[in-house]
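Read through the structure below, which is laid out as structure tokens, and then see the notes.
Worth saying up front: this structure is predicted, and the values here are computed from it rather than measured. Note: hydrogens, waters and symmetry copies are ignored here, and every other heavy atom, side chains too, is used. Each chain gets a letter, A, B and so on, in the order the sequences are listed, and its residues count up from 1.
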There are 2 protein chains.
Amino acid sequence: MGEKVTIATVARHAQVSRQTVSNVLNTPHIVREDTRRRVREAIVALGYRANQAARQMRTGRSRLIAVRIEPTRDGINGSVLDRFLHGLTETADAAGYRVLLYTAVGDDQEIATYDDLLGAYDLDAFVLTGTKHGDPRTAWLAEREVPFVTFGRPWDTPEAHPWVDVDGATGTAQATRHLLAAGHRRIAFLGWPAGSGVGDDRRAGWRTTMAEVGLDGAAPDRATEDGIAEGEREARALLALDAPPTAVVCASDSLALGAWQAARDTGTDLAVVGFDDTPVAAAVGLSSVSQPLGEAAARCVELLTGVLDGQPRDPQLLLHPALVLRHSA
Amino acid sequence: MGEKVTIATVARHAQVSRQTVSNVLNTPHIVREDTRRRVREAIVALGYRANQAARQMRTGRSRLIAVRIEPTRDGINGSVLDRFLHGLTETADAAGYRVLLYTAVGDDQEIATYDDLLGAYDLDAFVLTGTKHGDPRTAWLAEREVPFVTFGRPWDTPEAHPWVDVDGATGTAQATRHLLAAGHRRIAFLGWPAGSGVGDDRRAGWRTTMAEVGLDGAAPDRATEDGIAEGEREARALLALDAPPTAVVCASDSLALGAWQAARDTGTDLAVVGFDDTPVAAAVGLSSVSQPLGEAAARCVELLTGVLDGQPRDPQLLLHPALVLRHSA
DNA sequence: TCGCCTACCTTGAACGATCCAATGCCGATG
DNA sequence: CATCGGCATTGGATCGTTCAAGGTAGGCGA
């Protein structure tokens, strides 16, 4: 159990002053070649590691990024966020940042938590997920000039702040085109009630694709809350129509799984495509639209480090999902 | 955008010294009633929040707990860790701690990360998940007297360090007894190769329960790597026996789902019970043994705060799982 | 009146890093 | 030879908090 190794220990060991060691760490180019090497060797030899707390107190930066972890209300869709979180942690690690978790129920409490984290831990930035219309969180952060990125577009003012998102419309369009190519003509959509940015986006991809081939007349569109039971109920209603659809594009894997079960139970041949490519979809063989979550996370970190280092780049990024085919379509 | 509010600001506002403010925060009982009240009012009025970095520099404690986030190799079983993580974040929040994430591939890299986190961030404690025989991580931490708790027993030396675990044997025993009560006699076990602590534990519950009723002779026991395909293959092998089992207890939901699909595809009536009560099990209606992950997380935090505050309590805790019945058994 | 104790509060120093201003060193130049 | 400029290096101050030691007033007993 060695003594505490500080910048002074390194300085003594390398026969230089503390400031020179600090320069080697922060502005290496102003230190002479051989001095730099000597200091670096001392750092390695002593196993020195800069104390974040001390650095933070002077610089006001903590190299910490906060992300909210959801209450996992829905076991199926929760996995999407978890995969994103993992990607985020990995990329942040590589960029020298660490990820701090927090929970909050409701926007007010979340904003209170921002205040808390900023005051107590000097957080460098936030990553928000699941943006919605008129999001009070982004307004609060923007007002205080706190760096942040959202995974999800701001649905009201497109250029308000840096964001990364996946183009849901492209995903459902891809799914719809695949079904059309397979010979389907009556292709339904099963999604969420209008008003949510994400849901409307996914619906739009299906709708425009159907319109392009002049089939939007014969295309039933159902809206319900998310859930397996809800999906099953709506699918049964669809199958009971006079001219029932032969395929259905869904806004989530929960709805898709419900629809898939409804079809199986009633012995109907119904092609189903879900959204998010969750483990459940993979497990039961459901085709689904897959978001590039790892890349989205990496882009978020890139954007943040850009902002933090004062070199903000193109701050809006729309990624493309991919259709994963299994035996449900 | 007000000025930075420090302990000195509060002190001026309340007409006392910095130290008195500090005392109000840390050792309130030594401050006179009305002084205490005056300081508290100033704190609220100014919106003061203690700066963690400064506090940490003095005390050496960061109020930060580190947890590793897994690479989610398996989408099904990954959800167990995620639920645990959520519970941990919530409980830690309530206890005044924050959760820091990290990733690492392999034990060596994980230990290097410990070193890094301890040196740079002065982490207070670690929560480890997924213990195994001869775990080098716990040895490293114990040697340096770093506080930590594991979620999962140390399989070699039971009393080496604080841990919380769920009694897998009780879970599979419960499942087995349920199947016996439902009239099954030929009850198989489908698990992992011997040698993993968790897997052996789950197998033991089934084996002893079958032995208790003298049925261990007619009880096939299969071992394979985890996975849906593997579960399906082994289940088919079981069903091809001369006296095929009428029920199977599985070590995971992945294996159970495979077995369940094998039975459905071959038109066989096979009762299946999985383990972990993952979203997939819930989605497809698979009965499963459910771990009290929220409570496990809460106990981990309790143990840690106990150790950190110098009041260690009974440091080993074995929780009981519950059988969740759906229509697969 | 004095001394001592207790209860409460204040002052100075320290944690480990960075920033700022000042110093020493070197060769080049007038 | 004296002066200058450029650059590496040095010492001191600083961030916000807690720790250790020091002060002050009032109460009590002799």
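- Considering only residues two or more places apart in sequence or on other chains, B/D122 meets the salt bridge (Lys or Arg N to Asp or Glu O under 4.0 Å) condition with none of them.
- With hydrogens and angles left out, the side chain of B/R58 and the base of D/dT17 share no donor-acceptor pair within 3.5 Å.
- Closest contact between the side chain of B/T59 and the listed nucleotides D/dT10, D/dT18, C/dA17 involves D/dT18.
- Between the two ends of the helix from C/dT1-D/dA30 to C/dG30-D/dC1, each summarised by a five-pair axis, the helix axis turns through 70° (rounded to 10 degrees).
- In this structure, A/R38 has no salt bridge (Lys or Arg N to Asp or Glu O under 4.0 Å) partners at least two apart in sequence or on a different chain.
- In this structure, NZ of A/K4 is placed 13 Å from C1' of C/dA17, rounded to the nearest angstrom.
- Rounded to whole Å, atom C1' of D/dT18 lies 13 Å from atom CD of B/Q52.
- The phosphate of C/dT18 has OP1 or OP2 within less than 4.0 Å of a side-chain N or O from A/R55.
- Residue contacts shown for A/A53 are absent, as no nucleic acid heavy atom lies under 4.0 Å away.
- A perpendicular orientation is assigned to the rings of A/Y102 and A/Y114, their planes being inclined by more than 60° (bins at 30° and 60°).
- Looking at A/R98 and B/D116, a side-chain N of the basic residue comes within less than 4.0 Å of a carboxylate O on the acidic one, giving a salt bridge.
- Under 4.0 Å is where a charged nitrogen must lie from a carboxylate oxygen, and between A/R37 and A/E33 no such pair does.
- Residues from residues 17-43 of chain B that place a heavy atom under 4.0 Å from any atom of DNA chain C, listed by number: B/S17, B/R18, B/Q19, B/T20, B/V31, B/R32, B/T35.
- For the pair A/Y121 and D/dG16, the criterion of a side-chain N or O lying under 4.0 Å from OP1 or OP2 is not met.
- The heavy-atom pair separating B/P162 from B/V307 by the smallest distance is CG-CG2, 4.4 Å.
- The shortest distance between side-chain heavy atoms of B/L81 and B/I69 does not fall below 4.5 Å.
- By the 4.0 Å N-to-carboxylate-O rule, A/K132 lies close enough to A/D107 to be salt-bridged with it.
- One atom, CG of B/D122, and another, P of C/dA17, lie 10 Å apart when rounded to the nearest Å.
- Note: A/F126 CZ to A/T150 OG1 = 14.0 Å, rounded to the nearest 0.5 Å.
- When the C1' atom of C/dA17 is taken as reference, atom CZ of A/R49 falls 16 Å away, rounded to whole Å.
- Listed by chain and number, the residues in a salt bridge (Lys or Arg N to Asp or Glu O under 4.0 Å) with A/R63 amount to none (sequence neighbours excluded).
- Remark: the A/S22 side chain and the A/N26 side chain contain an N/O donor-acceptor pair separated by less than 3.5 Å.
- Using a 4.0 Å cutoff on non-hydrogen atoms, the parts of residues 6-15 of chain B near DNA chain D are B/T6, B/I7, ordered by number.
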